[in-house]
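See structure below.
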Amino acid sequence: MTEIPKAYEPKEIEKKWYPIWEDSGYFTPKMDSDAQSFSMVIPPPNVTGYLHMGHALNHTLGDVLVRWRRMQGDKTLWLPGTDHAGIATQVVVEKQLTKAGSSRQALGREEFVKKVWEWKAHSGGTIQRQMRLEGISVDWSRERFTLDENLSRAVIEVFNRLYEDGLIYRGEYMVNWSPVMGSAISDLEVEMKEVKGHLYHIAYPIKGSDERVVVATTRPETMLGDTAVAMNPSDERYRHLIGKTVILPLVGREIPLIQDEFVEKEFGTGLVKVTPAHDPNDFEMGKRHNLPFISVIGKDGKMTSEAPSAYQGLDRFEARKRVIADLEAQGYLVKVEDHTHNVGHSERSGEPIEPLLSTQWFLNVKPLAEVALQAVRDGRTRFVPEPWTKIYVDWMENIRPWCISRQLWWGHRIPAWYTEDGQVIVARTEAEALEKYRASGGTGNLRQDEDVLDTWFSSALWPFSTMGWPTETKDLEAFYPTTVLITGFDIIFFWVARMMMMGLKFMGDVPFRTVYITPLVRTSEGQKMSKSKGNVIDPLDIFNKYGTDAVRFTLTAATTWGSDIALQDSKMEGARNFANKIWNATRFVLMNCEEVTDPEWIDTSSTPATLADEWILSRLNSAIRDFNVSLTSYRYHDAANLLYHFFWDDFCDWYIELSKPLVTAKGENPAADLARQRIIFVLEHSLRLLHPIMPYITEELWQRLPHSGESIAIAPFPSVDETRIRPEIENDMDSVIETIKKIRNIRAEWNIAPSQTVKILIGTHDAHIRNLIESNSGHIERLARVEALELHEVLPPVTAAARAVVGNIEIAVPLEGMIDFAKERERLKRDIEKSEKELGGLQGRLNNPSFVDRAAPEVVAQTRERASELTAQLEKLVQTLSFLQ
RNA sequence: GGGCGUUUAGCUCAGUUGGUAGAGCGUUCGCUUCACACGCGAGAGGUCGUAGGUUCGAGUCCUACAACGCCCACCA
């Protein structure tokens with residue numbers, strides 16, 4: 001056993017243990033064990049760069065559970081990995097190419113993808129390193145990446161099966177198009193932003209009449225693609241126009257006036273221009289009324305050849321200006337109003353989305369959603385905290401087809417091939433596609449679809465694709481469904497909902513029993529962290545500053561159901577101080593207990609456990625029990641907090657202090673030997689209790705303590721001995737503690753120098769308490785710096801004394817010549833007032849007949865008991881005060 | 001437009017079947033007490049957002065309102 005340094009230096013010990021844990025295979029489940037399974041898959045971080053505080057929180061909360069369950073003896077798997085993150089990663093690499101004066105187009109698809117793989121190797125490596133620094137106990141032997149061979153196989157399999165089921169289809173529909181990225185994106189990737197724009201009122205002449213109708217639009221440039229004007233069928237104002245046609249200004253096209261319930265009579269003029277190719281609503285109307293679809297804006301965001309020649313090639317925003325100018329010049333612009341409205345923007349690239357017609361692959365998720373909805377309604381998957389259930393349910397109930405194809409190069413290429421005459425063949429491989437084609441008599445060549453799948457398509461399979469699906473593996477058998485998914489609320493739709501659908505569809509069961517939604521980590525001022533604000537905290541920086549264990553403890557203790565986490569230095573400092581406390585308490589114990597060789601509790605008939613011993617056992621077992629209860633219901637804050645107070649308050653402030661005389665005693669002394677044995681026992685248990693939250697410091701210290709087993713990471717979690725939880729012992733100890741505190745309080749109030757000892761008199765008619773005080777008088781004398789403690793049944797009237805009452809214990813500290821009677825009377829009066837106030841409340845209730853009748857009997861009994869206690873205390877206080885008159 | 005969350009001590013937040021408010025930090029006072037000044041001991045500090053209601057009893061349940069924050073949404 002080596003000397004322990006005085007100061008806790010997290011860096012030194014934190015770099016030591018992770019390689020040992022990992023190399024020893026502690027985090028790999030023993031597949032032959034018949035213990036119950038506990039499994040999680042990590043939300044795979046994007047290989048776009050570095051981990052942030054959100055990851056650190058997620059990983060900490062996950063690791064607390066996993067380490068706890070592993071120590072409980074479960075067959076435990078936490079599967080790590082990363083996500084290829086199609087768009088995000090492609091954008092990162094493209095930016096690098098732009099900087100280097102190149103582009104993906106210049107490189108070509110094959111070379112570009114190679115470049116992205118290089119980046120992935122770099123970024124993925126960084127992420128792995130960071131995860132190891134977090135100390136998380138993931139099974140690296142099962143690490144996965146969404147583009148791994150088997151995961152890609154799963155993607156192709158799923159695509160094929162969904163296609164065979166008719167749920168995946170290809171067709172020309174209105175999609176959210178990002179001109180910047182040159183790709184379609186899903187509804188979820190569109191962010192609505194409030195934009196200050198204008199509402200343009202434009203006059204369309206009625207054919208064969210002098211009358212003009214006025215439509216209002218925020219996007220005048222789309223009028224070039226108008227194929228109708230719509231009114232509400234019940235709108236009397238325009239009844240006379242039914243059946244007429246209008247002439248589209250600037251274009252000259254004759255378009256019908258149609259009637260559609262969609263049109264709100266109250267908005268604008270009650271007439272809507274209909275551009276079926278550039279607006280989702282108009283698209284629907286166009287289909288309902290069989291209108292032509294004229295695409296006037298292209299995928300590059302420029303006006304197409306279907307627009308009048310004057311506008312062709314103009315950027316869509318340039319075209320807007322030109323259209324307005326021309327309309328005005330030609331007298332069609334009636335008025336322009338300021339108008340604030342919401343415009344869809346590409347979440348990734350930031351520019352306004354262009355709704356346009358495009359041929360894409362879609363997944364009809366409705367049937368899958370119904371099953372996934374039912375699973376949550378049945379409670380087969382549960383959201384914690386519960387309110388998130390509604391968010392999930394609402395979205396699932398209103399789910400719309402998912403556009404799954406992306407015009408990118410980085411991702412899973414869509415397993416569809418086209419014949420020269422335009423047939424589509426979906427297959428597992430090109431060979432299979434060709435075979436199918438030949439079998440149907442086809443002779444030409446096949447060309448694979450250029451597009452890739454939405455990155456979330458592969459993420460949706462993560463809980464089972466990572467475990468080997470579609471092969472029926474032992475991992476799937478043992479670990480699917482996973483026990484819990486820990487994730488952020490921001491990806492409930494993107495990821496959680498889709499995993500639910502895919503898991504139920506392909507595994508026939510939910511992917512996880514519980515979804516735990518973490519809070520959001522914010523800055524100390526409660527701001528959201530974002531790169532653009534430049535207020536992002538790098539987890540590694542604060543690991544370095546405070547120690548990983550301290551940050552883990554901070555995050556765990558800050559995780560509550562109600563609110564987000566404001567990450568403040570003061571919290572981390574507090575946790576670091578706690579770690580230092582653990583360090584120094586252990587240092588103290590080890591300095592004195594070198595001869596103890598095993599961490600067992602020993603009672604002998606000659607030296608039975610003391611009150612303090614029984615008490616700390618009771619507190620320890622309560623802590624274990626409460627910790628288990630808290631974590632079982634995902635109450636991280638409670639779990640961390642109770643350990644903090646058990647260790648600091650109960651163990652350090654009281655048990656160590658009470659044990660000091662014996663523990664530090666020199667020479668032959670069996671009682672001292674037992675005391676050392678016992679303090680080691682409690683400390684060793686405490687470290688195991690703390691290990692899930694603070695793995696490094698507990699391992700380091702545990703290794704220096706007498707222990708059995710090679711690592712605390714695989715040591716058994718302390719088990720609860722309910723028989724050791726004893727309220728009567730805790731009450732007795734509380735009496736001793738309160739007595740000591742009262743004396744200390746008097747000392748502080750009367751400015752008695754710490755070096756000065758005092759005499760005290762204690763009076764109580766309660767024989768049990770008298771016995772208790774007597775047997776603990778040594779503790780009281782030492783911890784309250786008392787030189788002589790006199791016990792009485794009834795306290796003699798000593799006037800020159802400071803006084804206090806604890807329950808039925810009276811305390812007098814004779815302070816000859818030091819005491820100011822007036823001041824002491826004031827002090828006592830304050831005590832009396834306090835007691836009177838409480839007693840008044842209690843008696844008020846007891847005097848109320850309906851309280852006595854209607855309140856629960858035990859509540860009434862409790863109230864009576866407390867009232868009589870207070871009455872006795874008050875009597876003594878009043879009597880004491882009378883001594884001072 | 002719909003929905004959700006938050007509002008408790010100077011600050012950040014706990015408070016799960018309704019029983020009479022807690023923690024950490026900060027603050028005040030006193031301590032180099034032989035594990036720890038990242039410490040020890042002792043204090044001060046709150047009409048629990050507002051207004052009603054239910055109840056013997058409300059921080060906790062119900063209703064309305066207010067402020068702040070978030071999510072969803074096809075009024076051009």
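Below, chains carry the letters A, B, ... as their sequence lines are ordered, and counting in each starts from 1.
- The six-membered or imidazole ring of A/Y8 lies near that of A/W583, with a centre-to-centre distance under 6.0 Å.
- Between A/A497 and A/M396, the shortest heavy-atom contact is O-CE, 3.4 Å.
- Nearest-nucleotide positions on RNA chain B for A/A579 and A/A748 put A/A579 closer to the 5' end.
- Using a 4.0 Å heavy-atom distance criterion, A/Y546 is classed as making no nucleic acid contact.
- For B/C4, the base has no donor-acceptor partner in the side chain of A/K390 [N/O atoms by modelled type, under 3.5 angstrom].
- Nucleotides B/G26 and B/U12 are separated by 15 Å at their P atoms, to the nearest Å.
- Defined by atom type and a distance below 3.5 Å, a donor-acceptor pair is present between the side-chain atoms of A/S186 and A/E189.
- Looking at heavy-atom distances under 4.0 Å, A/V263 makes contact with a base.
- Residue A/E657 is in base contact, counting any heavy-atom pair closer than 4.0 Å across all strands shown.
- Between A/D226 and A/V274, the closest side-chain pair of non-hydrogen atoms is not below 4.5 Å.
- Considering only the side chain of A/R635, B/U16 comes nearest among B/C13, B/U16, B/C40.
- Scored by the side-chain hydrogen bond (donor to acceptor under 3.5 Å, both in side chains) test, A/D569 finds A/Y546 as partners (sequence neighbours excluded).
- Remark: RNA chain B forms stems of 3 or more consecutive Watson-Crick or G-U wobble pairs, all pair distances under 3.5 Å, at B:1-7 with B:66-72, B:10-13 with B:22-25, B:27-31 with B:39-43, B:49-53 with B:61-65.
- Comparing the same atom, C1', in B/C40 and in B/U33 gives a spacing of 8 Å after rounding to whole Å.
- For A/T757 and A/E787, the side-chain atoms include at least one donor-acceptor pair closer than 3.5 Å.
- Residue A/R587 is classed as a sugar-phosphate contact, given heavy-atom separations below 4.0 Å to backbone atoms only.
- Between the CG atom of A/N281 and the P atom of B/A73 there is a distance of 13 Å, rounded to whole Å.
- Nucleotides B/C48 and B/U7 have their P atoms positioned 14 Å apart, rounded to a whole Å.
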Between the protein and nucleotides 17-24 of chain B, are there any N/O to N/O pairs under 3.5 Å, and if so, what are the atom names and distances?
unit_1: B/U20; atom_1: O4; unit_2: A/R845; atom_2: NE; d: 2.9
unit_1: B/U20; atom_1: O4; unit_2: A/R845; atom_2: NH1; d: 3.4
unit_1: B/A23; atom_1: O2'; unit_2: A/H645; atom_2: NE2; d: 3.4

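- The shortest side-chain heavy-atom distance between A/L642 and A/S630 falls under the 4.5 Å cut-off.
- Although no hydrogens or angles enter the test, the distance criterion places no donor-acceptor pair under 3.5 Å between the side chain of A/R704 and the main chain of A/R587.
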